[in-house]
Amino acid sequence: MPVFDPTALTRISEAEHEKAVATVQATVDQAVRDTGSDVTVTTRVEAGHPATVLVEAGRDAALTVVGSRGRGEFRSVVLGSVSRSVLQHASRPVAVVRSD
């Protein structure tokens, strides 16, 4: 029977976390370059329910941008639970964007 190694699990988790953050940051940086925008984008990672974290992070933002993948048959009409919750609870403007 294999022995559980919490240290190895932590290292793997941290490495996956770093890869995910780097991928998101590269995507955001490319989008800003592609549009020739002069916006300032802040990227941070926080623990918690996504909608709660986004609403809190957006309290002082000029704009909170969330994605919506839309799942299921009615994806073009229905927002995902996170984007819907952010729209309902945000105190500042929110933009919901869909990927192709």
Side-chain angles (χ1 to χ4, degrees):
M1 173 181 259
V3 176
F4 177 73
D5 182 357
T7 304
L9 183 60
T10 299
R11 279 194 310 270
I12 292 167
S13 175
E14 288 171 351
E16 289 301 311
H17 171 89
E18 288 174 12
K19 278 186 358 187
V21 170
T23 299
V24 169
Q25 187 64 56
T27 302
V28 168
D29 291 346
Q30 186 63 51
V32 170
R33 280 192 303 274
D34 288 350
T35 62
S37 176
D38 63 350
V39 300
T40 300
V41 177
T42 302
T43 304
R44 63 187 204 213
V45 178
E46 295 186 26
H49 187 278
T52 303
V53 171
L54 287 166
V55 168
E56 183 59 34
R59 289 203 192 283
D60 297 321
L63 176 68
T64 298
V65 180
V66 296
S68 181
R69 291 183 289 181
R71 300 219 182 242
E73 187 176 325
F74 301 104
R75 68 177 180 235
S76 64
V77 196
V78 180
L79 293 175
S81 60
V82 172
S83 55
R84 180 177 35 253
S85 184
V86 171
L87 281 169
Q88 290 173 339
H89 300 287
S91 59
R92 306 284 297 186
V94 176
V96 179
V97 296
R98 291 188 180 278
S99 63
D100 291 335

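These values consider heavy atoms only, across backbone and side chains, with no hydrogens, waters or symmetry-generated copies. We count residues from 1, following the sequence as given.
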Quiz item: Rounded to the nearest 0.5 Å, what separation is found between the OG1 atom of T35 and the CD atom of Q30?
Solution: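 Reported value, rounded in 0.5 Å steps: 10.0 Å.
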Quiz item: Are V96 and V55 connected, step by step, through hydrophobic side chains (Ile, Leu, Val, Met, Phe, Trp, Tyr) whose heavy atoms are closer than 4.5 Å?
Solution: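 In one cluster with V96: V55, yes.
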Quiz item: When clusters are formed by joining ILVMFWY residues with side-chain heavy atoms under 4.5 Å apart, either directly or through shared neighbours, do V53 and V21 land in the same one?
Solution: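 Different clusters.
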Exercise. Scan residues 47-64 for pairs that pass salt bridge (Lys or Arg N to Asp or Glu O under 4.0 Å), counting only residues two or more places apart or in two chains.
Key: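 Pairs touching residues 47-64 that pass the test: E56-R59.
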Quiz item: Does any N or O in the side chain of R92 come within less than 3.5 Å of the main-chain N or O of G58, such that one atom is a donor and the other an acceptor?
Solution: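 Not confirmed, R92 side chain does not pair with G58 backbone.
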Practice problem: Say whether, by atom type as modelled, one donor and one acceptor occur between the side chain of T10 and the main chain of P6 under 3.5 angstrom. | Solution: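 Here the side-chain-to-backbone pair exists.
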Self-check item: Lys/Arg-Asp/Glu bridge criterion (N-O < 4.0 Å) met for K19, E16
Solution: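 Yes, charged N to carboxylate O under 4.0 Å.
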Practice problem: Given side-chain contact (heavy atoms from CB on, under 4.5 Å), test L54 with V66 step by step and report yes or no. | Solution: CA-CA 8 Å; L54 287 166; V66 296; 3.7 Å; yes
